[in-house]
Amino acid sequence: MDNLIGTLLAIGGNLLVSISLTIQKYSHVKLVGTKDPRSFYRTKTWWCGFVLACIGEGANFVSYAFAPLALVAPLNAVSILTSAILGLVFLREKSKPKDFAKRYWLSFLGCIITIAGTYLFVTFGPNSHEKLTAENIVKHIVGWPVLLYLLLEIITFCLLLYFYKQRSANYLVIILLLVALLGSVTVITVKAVSGMLVLTAEGNMQLNYPIFSVMFVCMVASVVFQARFLSQASKLYDSCLIACVNYTLSTIFAMVAGAVFYLEFNNEDILHICIFLLGSAVCILGVFLITKNRKRTKAFEPYVTMNMTNGIPTIHDKGLVVQPDFNGSFSYGTLVNNDGVAPATLPVNLEQPPVHSRSSDASHDPPDLKKD
């Protein structure tokens with residue numbers, strides 16, 4: 001019964017979050033299309049989406065108190081699945097059925113595979129039910145497997161952060177690995193905080209223990225830094241690629257965290273574990289197919305024209321004109337140098353050439369030139 005309650009809360013929460021984001025996007029698009037001068041937060045549709053998002057996230061938060069981490073974390077695929085279905089429904093209105101099916105058959109296949117994988121890992125997921133009192137959480141933390149796991153996470157996080165900050169390794173995998181490592185801390189602390197809040201609501205006070213404050217602070221800090229790294233990734237890479245890779249890494253790290261910290265697979269037989277892992281892999285494949293068929297945004301491809309105004313080149317971006325800052329010289333910046341030579345800094349001569357009248361020039365013309 002606890003697994004069922006937690007699963008239904010997680011599925012319902014992810015559904016509401018996807019619907020709320022669609023409503024908020026509709027509100028933004030409608031304001032732009034009608035040229036409404038009002039701000040988005042003054043519209044009823046945006047506030048409706050915001051309320052639904054709060055309810056959905058609240059349901060997700062409470063679901064961790066009832067169901068295991070390894071069962072709740074992969075259910076984030078429901079959000080991607082719902083967003084894909086809503087997108088297909090709205091796109092269907094602008095396409096012919098034959099063209100629509102031909103273009104989005106991968107998305108249909110991904111939705112079917114995601115539903116099948118969700119059914120498998122929910123049916124054969126772990127069935128651990130431990131009351132998350134403050135004493136039990138402290139026992140988990142001081143255990144040597146958890147301490148070793150946290151030590152490895154800290155070392156890995158510091159190494160990745162070093163390469164990201166000092167070596168400028170802005171690769172998507174590195175950024176999302178940082179997000180996933182923080183996400184594993186987030187789900188551990190969310191489950192602890194949610195479990196203690198539920199026990200407090202049932203009459204067993206847990207909020208006066210120091211471990212609650214520690215878990216709450218760690219939860220807030222990990223969420224904030226997660227959002228910061230995701231924001232950096234969204235500025236560099238396509239959102240569909242981010243959604244697929246982030247879901248895969250976050251799911252894997254969350255399942256490992258649940259197995260190490262809360263010992264969720266201790267009482268499960270090998271067959272159930274294998275089918276659960278198979279269902280998770282099938283779900284990841286479905287998410288990959290859904291996000292693969294989405295339209296990619298085109299990267300910025302600047303080019304420099306030959307027409308120069310006062311010695312400053314004009315850089316274009318698909319019709320937009322960008323004038324670089326003038327500081328006495330110019331270079332081609334981040335444009336690819338095919339010769340393998342570093343871009344040179346060219347001097348700019350702003351002096352206008354002398355203008356001579358045609359009469360003075362005509363006096364120096366050779367006499368045998370034929371004039372029109």
Closest non-hydrogen atoms of T189 and C218, given as atom of the first, atom of the second and distance, are CG2-CB, 3.8 Å
Contacts satisfying ring pair (Phe, Tyr, Trp, His ring centres under 6.0 Å) that involve residues 175-206 (not counting sequence neighbours) are none
Members sharing V185's hydrophobic cluster, built from side-chain contacts under 4.5 Å between Ile, Leu, Val, Met, Phe, Trp and Tyr, are none
Connected to L159, directly or through other members, by ILVMFWY side-chain contacts below 4.5 Å are L151, I155
Residue pairs passing the ring pair (Phe, Tyr, Trp, His ring centres under 6.0 Å) test with at least one member in residues 266-287, sequence neighbours excluded, are F124-H272, F265-F276
Would you be so kind as to tabulate the donor-acceptor pairs closer than 3.5 Å made by side chains of residues 193-204, with sequence neighbours excluded?
from	atom 1	to	atom 2	distance (Å)
S194	OG	F61	O	2.8
T200	OG1	M196	O	2.7
T200	OG1	Q206	N	3.2
N204	OD1	Q206	NE2	3.1

Sequence neighbours excluded, the answer for side-chain contact (heavy atoms from CB on, under 4.5 Å) partners of L21 is V17, Q24
Taken in chain and number order and not counting sequence neighbours, the residues that satisfy side-chain contact (heavy atoms from CB on, under 4.5 Å) with V122 are T7, L71, L75, T118
Residue pairs meeting ring pair (Phe, Tyr, Trp, His ring centres under 6.0 Å), one or both in residues 150-192, sequence neighbours left out, come to Y164-F229
For I112, the other hydrophobic cluster members (4.5 Å side-chain criterion, sorted by chain and number) are none
Sorted by chain and number, sequence neighbours left out, side-chain contact (heavy atoms from CB on, under 4.5 Å) with S184 holds for Y149, E153, F253, A257
Residues passing the side-chain contact (heavy atoms from CB on, under 4.5 Å) test with V187, sequence neighbours excluded, are Y64, L69, A254
Using a 4.5 Å side-chain heavy-atom cut-off and chaining through intermediate ILVMFWY residues, the residues clustered with W144 come out as L148, L152
